[in-house]
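Single-structure report; data block below.
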Protein chains: 2
Amino acid sequence: MQTIEELLESKNIRVTAMRLLIYKFLAEKQIAVTLSDIENAFEKADRTTLYRTVKTFEEKDIVHQIDDGTGITKYALCEKGCNCELETDLHLHFHCNNCNETVCLTEHKIPQIKVPDGFVSENVNLVVKGICDKCSGQ
Amino acid sequence: MQTIEELLESKNIRVTAMRLLIYKFLAEKQIAVTLSDIENAFEKADRTTLYRTVKTFEEKDIVHQIDDGTGITKYALCEKGCNCELETDLHLHFHCNNCNETVCLTEHKIPQIKVPDGFVSENVNLVVKGICDKCSGQ
DNA sequence: CAGTAATTGCACTTCCATTGCATTGATTTT
DNA sequence: AAAATCAATGCAATGGAAGTGCAATTACTG
């Protein structure tokens, strides 16, 4: 089990107080968050800093970006098994129409999608919308 | 074969010159278009009118909205077989990373996606990105 | 400890989506 | 056919999110 500091260093990211805080915030949340979510959690920090921090994390494959169809970009920590950089490792995302939360269904890989002749598939984004387990009462 | 006028009337939409033009524009395009695309095609018309016209079309299931991950909402005419209002009729969209165009692959239905217990799937958005037939040179 | 390089904060800008309100245009009623 | 009514259009403005330039600050290096 490596510390957050070690993780950042292993990715060649300088360890700063801000980055540690943002990482911890993302780690605590089980759901994908927007920039505004982070902004609200750290009122003292500037939006730009958060924006760039998340962008850095993204470039280093620490978080991945999620487009869940709400029109607002969301971010979530990559898990151990989440090799976002690999096209083959594409899990799906679930957006709850009730609580408006988006979660990664890391276990659920996206099935192979067939495309017509002449089309070359490089990447797939799959968002399932509906009611999440918390809201469905099960 | 019904005329555009008849189609609009059958959906309880008043027939206006603007609406006919916009419908024809969408029908000519084989690809999904943004509001700005429409705006550029009708320089004399106001953006708001186009926005509301498309919105009206959308409410009446004449066009459907596409979120292809570019961050800009796109629209495409629903085809004969496209029953957007039905959850079961979900075709997928293909976004070309080269020419930046998005097309509906109406023939290609989205496979059944399994979600964990407690989750209820109501809707699925699937966008495949890659190189389209025109750009792949086939 | 000084110098260098990266990080952070502030101020803007841009772009798209959306709304309020006045005006124009079309439809219905008398 | 004119008046009254309702919808459609155009203009102006707003709001939200993404993104950039630059100066100030902070962290690393020798």
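In what follows, every chain begins at residue 1, and chains take the letters A, B, ... in the order their sequences are listed. Note that this is a predicted model, so its numbers are computed, not measured.
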Open item on the list: Between B:Ser136 and B:Asp133, do the side chains contain a donor N or O and an acceptor N or O under 3.5 Å apart?
Closed with: no
Task: Rounded interatomic separation in angstrom, taking CZ from B:Phe42 and P from D:dA8 - done: 18 Å
Task: Considering all heavy atoms, the nearest B:His64-B:His93 contact - done: NE2-NE2, 3.4 Å
Task: A:Gln65 CD - D:dG19 C1' separation (whole Å) - done: 13 Å
Task: Test item: B:Val124 and A:Leu126 side chains (from C-beta on) under 4.5 Å apart, heavy atoms - done: yes
- [ ] Could you state the atom-to-atom distance from NZ of A:Lys60 to P of C:dA6 in whole Å?
- [x] 11 Å
TODO: Taking A:Ser36 for its side chain and A:Glu39 for its backbone only, find out whether a donor-acceptor pair lies under 3.5 Å.
DONE: no
Task: Minimum side-chain heavy-atom gap A:Cys96-A:Lys134 below 4.5 Å - done: no
Task: Between C1' of C:dA17 and CD of B:Glu39, the distance in whole Å - done: 12 Å
Task: Check: B:Lys74 side chain, B:Ala32 main-chain N or O, donor-acceptor pair, under 3.5 Å - done: no
Task: Euclidean distance, atom OH of residue A:Tyr75 to atom P of D:dA17 [Å, nearest integer] - done: 12 Å
- [ ] Answer with yes or no whether the hydrophobic clustering places B:Val63 together with B:Leu50; edges join I, L, V, M, F, W, Y residues whose side-chain heavy atoms lie under 4.5 Å apart.
- [x] yes
- [ ] Write down the distance between CG (B:Asn12) and P (D:dA8), rounded to a whole number of angstrom.
- [x] 11 Å
Open item on the list: Give the residues of residues 44-59 of chain A touching DNA chain C, defined as any heavy atom closer than 4.0 Å, sorted by residue number.
Closed with: A:Asp46, A:Thr48, A:Thr49, A:Arg52, A:Thr53
Task: Length of the line joining B:Ile38:CD1 and D:dT9:P, which is rounded to integer Å - done: 13 Å
Open item on the list: Ring centres under 6.0 Å, that's the criterion: do A:Phe57 and A:Tyr75 meet it?
Closed with: no
TODO: Scan residues 15-25 of chain A against DNA chain C and write down, sorted by residue number, each residue with any heavy atom closer than 4.0 Å; if none is found, say none.
DONE: A:Thr16, A:Met18, A:Arg19
Open item on the list: Mind checking if A:Thr34 touches a base, just sugar-phosphate, or nothing, with heavy atoms under 4.0 Å?
Closed with: nothing
TODO: Respond yes when some side-chain nitrogen or oxygen of A:Thr73 is under 4.0 Å from OP1 or OP2 of D:dA18, and no when none is.
DONE: yes
Task: Whole-Å distance separating the CD1 atom of A:Ile13 from the P atom of D:dC28 - done: 14 Å
Open item on the list: Grouping I, L, V, M, F, W and Y whenever their side-chain heavy atoms are under 4.5 Å apart, do B:Phe119 and A:Ile110 come out in a common cluster?
Closed with: yes
